[in-house]
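In what follows, every chain begins at residue 1, and chains take the letters A, B, ... in the order their sequences are listed.
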Number of protein chains: 2
Amino acid sequence: MALPPIHEDTLFMARKRTIDDIARLAGVSKTTVSRVLNNKPDVDPNTRERILRIVKEEGFVPSATAAGLAGGRSHLLGVLVPSFTWPMIPDIVCGIAETIGNTAYELVLYSLNDKTRENGEGDIIDHILSTNLVAGILAVLPGQSSKFVIRLHQHGFPVVLIDDQDDPPLVPWIGADNQCGAYDAVKHLLALGHRRIAHIQGPMKYVCSRERYEGYCQALREHGIPVDPALVVEGAFDTVSGRDAAQTFLSLPEDQRPTAIFAGSDLMAYGVLAFAEEQGIDIPGQLALVGFDAIGSSALVRPALTTVKQPFEEMGQRGIEVLLSIIEHSDQQRMNVRPGYTRDFMSPSRARVDEPANAPPLRIQLATSLVVRASCGMQQRSPFSSIKSISR
Amino acid sequence: MALPPIHEDTLFMARKRTIDDIARLAGVSKTTVSRVLNNKPDVDPNTRERILRIVKEEGFVPSATAAGLAGGRSHLLGVLVPSFTWPMIPDIVCGIAETIGNTAYELVLYSLNDKTRENGEGDIIDHILSTNLVAGILAVLPGQSSKFVIRLHQHGFPVVLIDDQDDPPLVPWIGADNQCGAYDAVKHLLALGHRRIAHIQGPMKYVCSRERYEGYCQALREHGIPVDPALVVEGAFDTVSGRDAAQTFLSLPEDQRPTAIFAGSDLMAYGVLAFAEEQGIDIPGQLALVGFDAIGSSALVRPALTTVKQPFEEMGQRGIEVLLSIIEHSDQQRMNVRPGYTRDFMSPSRARVDEPANAPPLRIQLATSLVVRASCGMQQRSPFSSIKSISR
DNA sequence: CTGAAAGCGCTTACAG
DNA sequence: CTGAAAGCGCTTACAG
């Protein structure tokens with residue numbers, strides 16, 4: 001009956017309390033404590049208040065492990081990212097981590113390395129599922145958003161996709177308005193007087209690449225400029241392919257050469273910079289350049305890169321918000337399902353309950369913004385101009 | 001007695017199996033299955049093999065949640081990082097994630113944002129502890145390695161520190177050889193003929209900043225050059241403070257002005273670049289510049305930055321390795337402790353068992369390497385030179 | 001509005 | 001070498 005001794009070190013006190021301790025201290029059953037802890041209704045206001053006070057005094061935090069086991073609900077959110085070598089991943093994860101930090105959930109990070117990439121993706125999803133650790137997954141999958149993710153979703157497992165989407169859209173998705181972003185970029189070049197504007201596409205298997213291409217075409221069309229196939233090359237989003245594309249374009253006969261390039265990613269734009277530097281081609285003097293993404297280093301390259309900014313942090317933030325709403329929604333639904341199926345998200349009856357099969361999945365498209373810097377020939381603004389000296 | 005139905009979809013099969021299913025299938029008790037699953041001795045080789053086969057056939061993965069609850073052991077590793085705005089964090093996390101991916105553990109990411117920074121750090125550690133979710137923590141704490149982390153360690157909770165260390169060293173630590181790295185950088189400048197070499201220190205409250213300064217002094221000393229206090233300024237590791245320092249140095253009377261600057265971080269070196277660009281000072285022509293860290297963008301700035309490379313990925317990797325060995329070691333110790341104290345890592349008896357109180361903590365210091373680029377005046381190598389064109 | 005009891009899926013002495 | 005039973009710290013019907 002004796003309580004565990006009170007330790008002087010409050011940092012470590014919390015660790016030993018259990019729901020039983022709190023129940024005893026409050027003179028109630030642990031059922032009631034559990035109800036209070038989970039914000040369930042039907043608790044006497046006084047009782048609730050007393051328990052809450054004791055919980056606070058004792059610094060009690062329920063064991064997420066035990067709660068997960070008992071309730072079949074996890075407080076863990078899985079985040080699946082491709083290799084950190086992609087420069088926007090840190091920004092996205094930053095938004096994700098910040099947002100999760102404001103909730104009662106924890107972030108479990110799964111990352112695909114180069115090995116687990118193509119073939120291993122099924123494995124990792126399999127792993128995520130079979131360990132049964134997380135309540136849902138937020139996946140940043142540059143690629144065909146994976147049949148695995150689609151299957152997860154179809155089976156009622158909470159999943160949200162960031163960045164690239166599938167076609168047709170089958171899974172809840174957060175991304176940027178790629179077409180509009182590309183359109184703005186090309187309009188800007190047109191406004192600067194360029195007429196022969198080349199485009200380095202991203203891999204066309206990605207919907208986002210196709211949308212950017214579409215934005216490019218749309219802007220040209222509005223100016224009555226036909227799309228010249230010689231001025232469109234498919235790249236791989238990386239620097240090497242950007243360099244290759246630049247070489248291709250600049251090897252054209254002089255009168256067919258582009259005066260501006262719109263690259264489908266900043267990394268590909270870096271490849272253009274590299275080739276120009278090598279060949280002594282002046283950017284923006286002889287060639288204007290615009291990228292897409294606005295990753296951090298694009299302010300540091302020379303000339304500083306004009307580029308289309310994707311709101312990566314916000315994408316992470318919104319992604320978590322949507323995931324949580326899906327999780328909570330399916331929790332609610334779960335209550336209406338007959339017991340025995342409670343944890344079985346494969347069961348047909350669950351799938352039926354979970355979501356109208358023909359409801360279109362949620363899509364959130366965030367606005368991009370054009371960041372104008374030196375590479376497209378506007379007045380040169382130092383990328384460091386925002387750095388104010390601190391007087392001392 | 002009937003087994004759950006077999007589903008056609010292997011992706012989802014694993015999810016429903018429990019240790020009981022496997023036990024039944026193998027004709028043994030779940031105790032035995034548990035033993036096999038945990039590589040315990042004293043199991044008949046044939047039995048073991050049979051169970052292993054069935055586990056594999058069924059794609060069974062034990063519930064980490066249940067195992068954690070029952071065994072008091074978690075398969076989760078906490079990783080605590082400061083804001084992702086620090087450019088080396090992605091590299092470190094990459095090494096961490098990759099390494100954890102090869103183990104049976106999962107990565108739980110905790111990140112400090114600007115709000116939770118100073119004051120909230122205790123909170124987050126308190127949170128980590130009281131949720132009792134992770135088996136140990138790998139912390140990347142640029143700063144005085146936090147009294148919280150030290151306390152954790154002293155109480156026997158597995159903790160490893162990356163990057164900055166405390167002084168005197170009290171917690172297992174992985175980092176780079178800062179002094180040696182700085183020494184190499186300054187030696188390089190000396191070899192290029194520079195004699196008036198300035199140093200922008202990192203914040204001197206960090207041990208790593210003091211070590212880099214020591215390496216700077218050591219190199220000068222060896223060349224019989226006294227350290228000129230006018231050529232040493234303390235910065236804050238960020239771009240703004242680097243710019244301020246450059247302004248200070250370059251405002252000196254011409255004959256006292258440095259011909260080279262060794263910045264204690266790449267970001268501070270960027271500040272020097274910015275100021276030089278503004279003032280029309282040629283780097284490396286009029287001023288040589290070397291940074292520290294070798295973050296990715298330092299290859300992209302112009303002139304490309306010569307810098308001291310820290311093996312960030314390896315630091316992450318080694319950090320996890322050390323953390324795991326500590327966790328496993330303390331697991332082993334735990335066996336020798338009388339029951340009742342099993343989970344109580346605060347108990348004095350546990351602390352005594354855990355580690356000889358006066359054993360010096362593990363320290364792993366990794367070698368740095370100097371990356372020579374254009375900013376210090378060697379022959380200009382294009383930072384893109386490693387980009388090979390793909391012939392098509 | 002509240003509590004006793006069963007159970008989540010494992011691990012761990014303990015007893016063969 | 002193996003198994004029955006208790007227990008990890010919660011949640012959830014179920015019965016008041």
Side-chain angles (χ1 to χ4, degrees), chain A residues 4 14-24 26-51 55 60-75 130-133 331 334-340 342-344, chain B residues 4 14-24 26-51 55 60-75 130-133 331 334-340 342-344:
Chain A
R15 197 168 188 279
K16 352 193 43 189
R17 300 310 193 180
T18 74
I19 198 176
D20 286 285
D21 299 324
I22 305 301
R24 220 176 308 136
V28 296
S29 73
K30 50 184 192 168
T31 304
T32 301
V33 176
S34 174
R35 272 194 273 261
V36 171
L37 254 20
N38 294 288
N39 286 313
K40 297 273 166 82
D42 297 331
V43 179
D44 182 278
N46 295 319
T47 310
R48 185 184 296 272
E49 197 181 341
R50 180 159 34 96
I51 292 176
V55 163
F60 171 71
V61 179
S63 154
T65 304
L69 221 208
R73 244 193 304 286
S74 161
H75 279 204
S130 56
T131 57
N132 196 12
L133 203 60
D331 266 5
R334 183 177 304 186
M335 300 307 164
N336 306 328
V337 180
R338 64 188 166 98
T342 299
R343 301 170 178 236
D344 183 0
Chain B
R15 199 168 184 282
K16 355 193 39 189
R17 300 311 192 180
T18 75
I19 197 175
D20 286 284
D21 299 324
I22 305 301
R24 220 175 308 136
V28 297
S29 72
K30 51 184 190 167
T31 305
T32 300
V33 176
S34 174
R35 272 193 273 260
V36 169
L37 254 20
N38 294 288
N39 286 312
K40 297 272 167 84
D42 298 330
V43 179
D44 182 278
N46 295 318
T47 311
R48 185 183 297 273
E49 197 181 341
R50 179 158 35 95
I51 293 176
V55 163
F60 171 71
V61 179
S63 154
T65 303
L69 221 209
R73 244 192 304 286
S74 160
H75 279 204
S130 56
T131 57
N132 196 10
L133 202 60
D331 266 5
R334 183 177 303 187
M335 301 305 163
N336 305 327
V337 179
R338 67 187 166 96
T342 299
R343 300 169 178 235
D344 183 1

Taking OP1 and OP2 of [N], is either one under 4.0 Å from a side-chain nitrogen or oxygen of [X]?
X      : N       : answer
S34(B) : dT11(C) : yes
K40(A) : dT12(D) : yes
R73(B) : dT12(C) : yes

Donor-acceptor contact below 3.5 Å, side chain [X] vs main chain [Y]:
X      : Y       : value
R50(B) : A26(B)  : yes
R35(B) : D42(B)  : no
S74(A) : L133(A) : yes

Check R48(A) against V43(A) and note the closest heavy-atom contact, atom names and distance.
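For R48(A) and V43(A), the tightest heavy-atom pair comes out as NH2-CB, 3.6 Å.
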
Minimum-distance pair of heavy atoms, taken over all atoms of F60(B) and T18(B)
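Closest approach of F60(B) to T18(B), heavy atoms only: CE1-C, 3.5 Å.
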
dA13(D): pairing nucleotide in any strand, Watson-Crick or G-U under 3.5 angstrom
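Checking every strand shown, dA13(D) finds no partner, since no pair has both distances under 3.5 Å.
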
If we call it a pair only when both distances are under 3.5 Å in a Watson-Crick or G-U wobble match, what pairs with dA4(C)?
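Its partner: none found.
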
Round to the nearest Å and state the distance from [X] atom [atom1] to [N] atom [atom2].
X       : N       : atom1 : atom2 : result
D20(B)  : dT11(C) : CG    : C1'   : 13 Å
H75(A)  : dT11(D) : NE2   : C1'   : 11 Å
I19(B)  : dC10(C) : CD1   : P     : 6 Å
L37(A)  : dT12(D) : CG    : C1'   : 15 Å
R17(B)  : dC8(C)  : CZ    : C1'   : 18 Å
L133(B) : dG9(D)  : CG    : P     : 15 Å

So if I take every side-chain heavy atom of N38(A) and compare against dC8(C), dT11(D), dT11(C), which nucleotide ends up nearest?
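Among dC8(C), dT11(D), dT11(C), the one nearest the side chain of N38(A) is dT11(D).
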
Of the candidate nucleotides dT12(D), dG9(D), dT11(D), which contains the atom at the shortest distance from the side chain of A67(A)?
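Of the candidates, dT11(D) comes closest.
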
Output the distance between atom CG (N46(A)) and atom CD1 (I51(A)), rounded to the nearest 0.5 Å.
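That separation rounds to 11.0 Å.
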
I19(A)/L37(A) under side-chain contact (heavy atoms from CB on, under 4.5 Å): CA gap, chis, key distance, verdict
CA-CA 10 Å; I19(A) 198 176; L37(A) 254 20; 4.2 Å; yes

Between dG9(C) and dA13(C), how far is it from one P atom to the other, in whole Å?
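About 23 Å, rounded to a whole number of Å.
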
If you measure from the C1' atom in dT12(D) to the same atom in dG16(D), how many Å do you get, rounded?
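These two C1' atoms come out 16 Å apart once rounded.
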
Are any protein N/O atoms closer than 3.5 Å to N/O atoms in nucleotides 2-6 of chain D? If there are, list each pair with its distance.
from   : atom 1 : to     : atom 2 : distance (Å)
dT2(D) : OP1    : T47(B) : OG1    : 2.7
dT2(D) : OP2    : D44(B) : N      : 2.9
dG3(D) : OP2    : S29(B) : N      : 3.0
dG3(D) : OP2    : S29(B) : OG     : 3.3
dG3(D) : OP2    : T32(B) : OG1    : 2.8
dG3(D) : N7     : R35(B) : NH2    : 2.8
dG3(D) : O6     : R35(B) : NH1    : 3.2
dA4(D) : N6     : T31(B) : OG1    : 2.5

